Amino acid sequence: MVSLDPIIRCSKLTKTYGQGESAVQALRGIELEAFAGELLMLVGPSGCGKTTLISVLSSLLDADGGECRVLERDLRSLSAAEKTAFRARSIGFVFQAFNLIPTLTAAENVAVPLLIQDMPRRAAVRRATEMLERVGIGDKAGKLPSQLSGGQQQRVAIARAIVHEPRLVVCDEPTSALDHQTGERVLKLLRENALRDGRTLVIVTHDHRIFPYADRIAQMDDGRVVSVQRPSEKSQ
Amino acid sequence: MMYVALRMLLGDRAKYFGLIFGLTFASLVLTQQSAVFLGLMTRTFGAITDTGVADIWVMDPKVQYIDDIKPMSDTALLRVRGIEGVDWAVPLYKSLLKARLENGNFQSVNVFGLDDATLAGGPHTMLEGRVEDLRMSDAVIVDSVGAQGKLAKPPSKPGGKPTPLHVGDSLELNDRRAVVVGICKVSRTFQSQPVLYTTYSRATTFAPHERKMLSFILVKAKPGIAEADLCARIRERTGLEAYEKETFIEKTMGYFMKYTGIPINFGTAVALGFVVGVAIVAQLFYSFTLENLRYFATLKAMGASNFRLLRMILLQALLVGATGYGIGVGLASLFGYSFRDTELAFRLPWQLLLGSAGAVMVICALSAALSLLKVVRLEPAVVFKA
Ligand SMILES: Nc1ncnc2c1ncn2[C@@H]1O[C@H](COP(=O)(O)OP(=O)(O)O)[C@@H](O)[C@H]1O
Ligand SMILES: [Mg+2]
């Protein structure tokens with residue numbers, strides 16, 4: 001299932017926040033590869049640069065130095081407009097706090113990435129409803145986020161992250177707002193539904209209980225990737 | 001995505017109604033105050049528009065506005081009549097005179113003396129009697145507000161209602177008897193005195209005798225003669241001032257603007273409405289955007305361009321703007337309508353509607369601009385911050 005084409009290839013990647021004395025070097029030479037069809041977890045202590053790294057990978061943030069190729073594109077060479085279009089087409093996002101728009105129904109929230117790509121509203125909502133059915137909450141399509149449980153909201157968020165068939169999905173701490181059981185179910189769901197058609201998932205997490213769902217785990221420390229292992233190796 | 005914008009706006013009912021309320025209030029104050037201001041300004045020249053027939057007003061060069069009377073000698077009329085391009089020219093007497101009422105009280109009245117032959121410049125809306133009845137002896141026409149108010153006969157018993165003046169009643173001007181033959185309607189002016197129409201020659205007998213009696217000469221230009229040219233010619237030949245009607249209206253209005261402090265008083269009210277409107281709406285709209293900033297950031301992360309977010313915010317601003325404007329102007333019109341038969345001066349021409357629409361747009365644009373700035377500067381990477 002995991003192919004050998006690297007979908008992500010970062011080398012000597014650096015990123016510093018701020019300047020002078022208050023400067024924080026968040027990334028200090030990242031070396032990382034991820035492949036089509038794999039679920040890669042980024043783990044490490046708080047403040048080690050995980051969020052910064054996925055921000056760069058998803059072209060939300062520009063690195064200062066080094067190289068980063070994502071989905072055959074050199075991110076450094078993309079203009080701001082190209083990055084916006086790149087995100088719209090090729091990246092799905094799952095956030096720790098779900099970030100569902102509170103005044104939209106579940107189906108409408110899921111439809112947003114399609115609307116951003118100018119799909120007509122009816123068609124978009126229909127596709128979104130199908131996607132909700134796929135993640136097991138088709139009956140909640142007409143509900144507002146506030147009427148859903150945390151686990152249900154994260155399912156909606158997952159449906160939103162994949163409804164437009166992106167090739168890369170990035171998730172920042174997707175289970176940290178959920179209890180353990182729900183978190184595991186969400187991970188299962190991500191593996192079953194998001195990890196299709198050669199799509200790559202990069203998941204930032206603290207939660208060692210979900211480590212077994214990874215194909216590989218990149219351990220980070222102080223702005224560097226210090227090791228990349230399979231879950232079975234890691235738990236030893 | 002415009003649908004998403006609308007849902008974001010309408011979904012938060014409390015905020016939405018707050019915004020609408022702010023804009024409604026702002027456009028109500030703007031429109032209502034301006035309309036009253038315009039209405040008041042119309043009153044300054046009511047006497048000019050009531051004297052509808054004349055294209056050109058001729059007067060002493062020192063006259064500054066309609067109620068500023070500097071009499072000319074009667075020969076001026078003949079000189080004006082002799083000027084080529086003049087179709088006809090008639091005298092107009094205008095002055096404040098003291099009338100003695102039946103009960104012996106004195107009341108000053110604003111007397112118009114119309115050309116004996118043509119009665120040109122007379123009242124155009126008669127409620128009782130006819131303008132031609134002025135040809136009867138001692139005849140005068142009084143305005144309805146005066147007839148019911150200051151000229152009314154005192155109540156027969158204390159605490160009763162005064163009896164309005166009617167056709168057939170009489171009063172005295174300068175010891176001469178005047179008989180009411182008609183009641184007319186006149187435009188409200190700043191002069192609170194009753195208006196009384198009579199003929200020019202009778203008016204001069206009502207007035208204390210002076211060497212010069214002629215207040216204005218009303219002139220009609222021959223067909224095809226440019227009024228501006230004729231005014232210039234009259235000025236040149238007679239040394240008198242001649243204005244086209246519109247110019248005289250502007251001059252009169254200008255006088256009141258300059259010397260009465262009305263514009264500045266109303267200006268501050270309108271400006272305050274505007275400022276309060278901007279403050280309320282900008283603050284509400286901005287906090288609406290701030291509350292939604294996290295979602296705007298999410299949209300931005302998911303690949304919505306700045307331009308798209310801009311259009312979303314503009315649409316939201318436009319919607320609340322249009323709704324608030326609609327309700328505000330509606331309320332202002334309702335206000336004007338419900339006071340239509342009162343002393344309230346209220347005029348709401350389309351130019352004013354356009355003007356307040358513009359002002360509301362400015363308010364919305366300012367508020368939206370604040371929000372836009374915030375959203376455009378937003379780093380999409382903040383979406384990962386908890
Ligand atoms: N916008 C920012 N400005 C300044 N420093 C930042 C910013 N974002 C993150 N940092 C710092 O960069 C380092 C890495 O942060 P982050 O990538 O969020 O780590 P993690 O997600 O692993 O907890 C931390 O020391 C953090 O304080
Ligand atoms: Mg983090």
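Since we're looking at a predicted model, the values are computed, not measured. Convention: sequence-line order gives letters A, B, ...; per-chain numbering from 1.
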With chain B, which of A:Val204, A:Leu100, A:Ile116 has the greatest number of heavy-atom pairs at distances under 4.5 Å?
A:Ile116
Can you confirm whether B:Arg340 is buried at CZ, in the sense that more than 12 heavy atoms of other residues, nucleotides or ligands lie under 6.0 Å from that atom?
yes
Inspect the surroundings of CD in A:Gln19 and state if more than 12 heavy atoms from other residues, nucleotides or ligands are less than 6.0 Å away.
no
Between A:Leu104, A:Asn109, A:Leu61, the one whose heavy-atom pairs under 4.5 Å with chain B are most numerous
A:Leu104
Inspect the surroundings of CD1 in B:Ile264 and state if more than 12 heavy atoms from other residues, nucleotides or ligands are less than 6.0 Å away.
no
Least distance between heavy atoms, B:Phe384 atom then A:Val170 atom
CZ-CG2, 4.1 Å
Which residue out of A:Gln117, A:Arg160, A:Glu173, A:Arg121 racks up the most heavy-atom pairs below 4.5 Å with chain B?
A:Arg121
Are more than 12 heavy atoms, taken from residues, nucleotides or ligands other than B:Phe21, located less than 6.0 Å from that residue's CZ atom?
no
Closest heavy-atom contact between B:Met1 and A:Val112?
SD-O, 4.3 Å
Any residue of residues 80-91 of chain A which, by heavy atoms, sits under 4.5 Å from chain B:
A:Thr84, A:Arg87, A:Ala88
Side chain, backbone, both or neither: which part of B:Leu299 has a non-hydrogen atom closer than 4.5 Å to chain A?
both
Could you give the distance from OG (A:Ser58) to CE (B:Met302), rounded to the nearest 0.5 Å?
13.0 Å
Max heavy-atom pairs within cutoff under 4.5 Å with chain A, candidates B:Ala297, B:Gly11, B:Ala301, goes to B:Ala301
Would you indicate whether B:Phe307, at its atom CZ, is surrounded by more than 12 heavy atoms from other residues, nucleotides or ligands within a distance under 6.0 Å?
no
Minimum heavy-atom separation for A:Thr103 to B:Met8, with atom names?
OG1-CA, 3.4 Å
List the atom of A:Phe95, the atom of B:Thr298, and the distance in Å for their closest heavy-atom pair.
CE1-CG2, 3.7 Å
Test side chain to side chain contact (heavy atoms under 4.5 Å, CB included) on A:Glu108 and B:Val4; report intermediate values, then the result.
CA-CA 8 Å; A:Glu108 287 165 347; B:Val4 173; over 6 Å; no
Is it true that, when you exclude B:Tyr295 itself, more than 12 heavy atoms of the residues, nucleotides or ligands shown sit nearer than 6.0 Å to its OH?
yes
Could you work out, with side-chain hydrogen bond (donor to acceptor under 3.5 Å, both in side chains) as the rule, every residue matching B:Arg308, not counting sequence neighbours?
A:Asp118
Are more than 12 heavy atoms, taken from residues, nucleotides or ligands other than B:Arg43, located less than 6.0 Å from that residue's CZ atom?
yes
